[in-house]
Novice: 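Shown below is the structure under consideration.
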Number of protein chains: 2
Amino acid sequence: MSRSLTLAERVAEAGERLTPIERRVAALVLEDSTVLAFGTVAEVAERVDASGPTIVRFATKLGFDGYSALQQEARCSLSEQLKRPTDRIRRRPTGDVWQQARSSAIDGVEAAFDQVVPEDIDRLAEPLAATTGRIWIVASENSAAAQVLAGGLRVLRPGVHHLTGSTAAIAADLADAEAGDVVVAIDFFRYERAVVRTTETLAGLGATVLVITDGAFSPLTAAADVWCAIDVPAIGPFDSALPAVAVVEALVAEVAHRLPSQATERIDRAEALWSTEGIFHDD
Amino acid sequence: MSRSLTLAERVAEAGERLTPIERRVAALVLEDSTVLAFGTVAEVAERVDASGPTIVRFATKLGFDGYSALQQEARCSLSEQLKRPTDRIRRRPTGDVWQQARSSAIDGVEAAFDQVVPEDIDRLAEPLAATTGRIWIVASENSAAAQVLAGGLRVLRPGVHHLTGSTAAIAADLADAEAGDVVVAIDFFRYERAVVRTTETLAGLGATVLVITDGAFSPLTAAADVWCAIDVPAIGPFDSALPAVAVVEALVAEVAHRLPSQATERIDRAEALWSTEGIFHDD
DNA sequence: TGCTTTGTGTAATAGTTGCTTCATGTCTCG
DNA sequence: CGAGACATGAAGCAACTATTACACAAAGCA
């Protein structure tokens, strides 16, 4: 490899071999790179409540000759960082794709928060928090927003069904639907027939229909009790899921805000279950 | 006077009273402020071909107590210079749930695009575009980013496998894995054991491992050939998937950029299939 | 020429520096 | 319970630090 490793990479490489105190050192120097560039061994040691030798050992464990070598590396990378901002503008050709993706993403999210006003979120969140029936989430198969919504609501309350996969399976699920249920339909241009039909079916059963789509011409709005529209920008050749995910996350936060006790209780129980099941990497 | 003078101002103020050698010192430190921040008296002295005391006298003539005071001033101004572009990320959101969600979302996406530089995307996109083997996407069950990545890559090229669901099903899928394949692992704090294990297994089979996670301490980085870190902000009681989705969408765009002919061809064929199958709402 | 004044370097000093060695404590595993 | 591996801090050391005091040299002025 031509270029030398960055500090974060060296920390990652040392990985498991780092002791608890050394991890504190790593966390400190990754958060604030100036402490290494400017500080002495004694100063770093005091910041993490350790002794000098611990800092030196940390440096050698990262592959440096000693603290001095580590410090010089930190100073070099800091100098680089100072020079960067100017030539960051005129970058390599791939930077075009990158810059375009960056501005599309940020603009798209900002636009979404401009289009969907707090009143919209209120009207969407209210049925989701209040209903005692089931919640059906209808969207195209790989809708990231639907997944975020389903995952979030499932933690907050029971009875959340994410309709996905084959139409046959959807039909079977739908057998349980009844009036008083709430439907959240999420779909955008080239509206999928299955999403539209399922939403219409559930509307016909008397469910409250909430719709997140991309404009008044969407076939979903016809069946909607409450709907909101967000523009979908392109990132490269694809539609961006970002604005929809942003709105859905805000919606989930609002629903959680309306179900404070119930939500925290459920979260705690889920957390306890996950821990005993050993879901996570650290005990 | 509220703020202390900058170095240039102090040099100007000292003005005529500076001796010839001291002027050389002034010229050097104004041209490259890092020599003061990082260097010792002896180093600065050598750079201008003078002796130590001359440097110290220069510092006192500028109004400092000694070289140490001058150096601290240089370090402070350098720190300021470093913080400026990024400190807007750290501002604490205030206000209601909606405003908090809004600023968390936008700040999180911006921060993600600051943390993951174009070089990172290059290194991640290259194997995804170049490999002739399979692509395995490993993430927790409801990772929106993984879904976006899988959905995007599946359109661009064949052999994309999104590992999700029960561990038994994963194990069955893994039977096909071999050296030359590419793994993309996406997971964040409270790293799921299944994700870590699956990634390690695939790494052991000789696959190239790309990792998107939240820092050098992630257990995923140990097995990674290439990794990038993004911070995960909270939206309400949940972690936000937004930054990860943003990065993944940019990554997909970059891969598409590298596979122009192959990608458009596949997209056209898929489009034709969807139409004949009547997937979409309008004929 | 003498006598300051000014600019500079040399030498000495007290304090720090990073680093090594060694001893203490704290786990783990048989 | 005890043996070993391990993480950590205390003490000490050689090298270096900034700073000071002093010596020397050149220039200005009488």
Novice: Got a sec: does the CD of B/Gln115 have more than 12 other heavy atoms crowding it under 6.0 Å?
Specialist: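 Yes, the 6.0 Å shell around CD holds more than 12 heavy atoms from other groups.
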Novice: For B/Ser51 and for A/Ala42, find the nucleotide of DNA chain C with the closest heavy atom, then tell me which residue's nucleotide is more 5'.
Specialist: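 Its nearest nucleotide lies further toward 5', so the answer is B/Ser51.
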Novice: Just how far, in rounded Å, is P of C/dT8 from CD of B/Glu22?
Specialist: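 Taking CD of B/Glu22 and P of C/dT8, I get 6 Å after rounding.
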Novice: Without decimals, in angstroms, what is the distance between B/Glu43 CD and D/dC16 P?
Specialist: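 Between P of D/dC16 and CD of B/Glu43: 12 Å.
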Novice: State which of C/dC19, C/dG7, D/dT19 makes the closest approach to the side chain of B/Pro20.
Specialist: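 Taking heavy atoms from C-beta onward, the closest nucleotide is C/dG7.
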Novice: How many whole angstroms separate atom CZ of B/Arg24 from atom P of C/dG7?
Specialist: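 One finds 14 Å between P of C/dG7 and CZ of B/Arg24, rounded.
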Novice: C/dG18 P sits how many Å from A/Gln71 CD, rounded?
Specialist: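 Rounded to whole Å, this separation is 7 Å.
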Novice: With a cut-off of less than 4.0 Å, is there a side-chain N or O of B/Thr40 near OP1 or OP2 of D/dT17?
Specialist: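 Affirmative; the distance criterion is met.
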Novice: Could you state the atom-to-atom distance from CD1 of A/Ile21 to C1' of C/dG25 in whole Å?
Specialist: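 The answer, rounded to whole Å, is 12 Å.
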Novice: Expressed in angstrom and rounded to an integer, what is the separation of A/Arg57 atom CZ from D/dA7 atom C1'?
Specialist: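 So the CZ-C1' distance, A/Arg57 to D/dA7, works out to 7 Å.
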Novice: For D/dG9 and A/Thr54 - does any side-chain N or O of the residue sit under 4.0 Å from the phosphate oxygens OP1/OP2?
Specialist: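 It does, given that an N or O in the side chain of A/Thr54 lies less than 4.0 Å from OP1 or OP2 of D/dG9.
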Novice: With A/Phe58 as reference, evaluate A/Thr60, A/Leu62, A/Thr54, A/Val56 under the side-chain contact (heavy atoms from CB on, under 4.5 Å) test and give the passing residue.
Specialist: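 For A/Phe58, the side-chain contact (heavy atoms from CB on, under 4.5 Å) check succeeds only for A/Leu62.
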Novice: From C/dG18, D/dA18, C/dA11, pick the nucleotide closest to the side chain of B/Val41?
Specialist: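 Comparing C/dG18, D/dA18, C/dA11 against the side chain of B/Val41, the answer is D/dA18.
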Novice: I'd like to know if the side chain of A/Glu9 and the backbone of A/Thr6 have a donor-acceptor N/O pair within less than 3.5 Å.
Specialist: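 Checking the backbone N and O of A/Thr6 against the side chain of A/Glu9, a donor-acceptor pair under 3.5 Å is found.
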Novice: Does atom CZ of A/Arg47 have more than 12 heavy-atom neighbours from other groups under 6.0 Å away?
Specialist: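 Counting neighbours around CZ of A/Arg47, 12 or fewer heavy atoms of other residues, nucleotides or ligands fall under 6.0 Å, so no.
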Novice: Output the rounded distance in Å from OH (A/Tyr67) to P (C/dT16).
Specialist: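 Whole-Å distance recorded here is 17 Å.
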Novice: Of all the nucleotides listed (C/dT10, D/dA11, D/dT19), which has the minimum atom distance to the side chain of B/Val56?
Specialist: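 Ranking C/dT10, D/dA11, D/dT19 by closest atom to the B/Val56 side chain puts D/dT19 first.
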Novice: Looking at every strand, decide which applies to B/Thr19 at a 4.0 Å heavy-atom threshold: base, sugar-phosphate, or nothing.
Specialist: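 The residue B/Thr19 makes sugar-phosphate contact but no base contact.
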Novice: Take atom CZ of B/Arg197 as the centre, draw a 6.0 Å sphere, and report whether it contains more than 12 heavy atoms from other residues, nucleotides or ligands.
Specialist: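 Counting neighbours around CZ of B/Arg197, 12 or fewer heavy atoms of other residues, nucleotides or ligands fall under 6.0 Å, so no.
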Novice: Take the protein atom CZ of A/Phe58 and the nucleotide atom C1' of C/dC19, then report the distance between them rounded to whole Å.
Specialist: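 After rounding, the reported distance stands at 17 Å.
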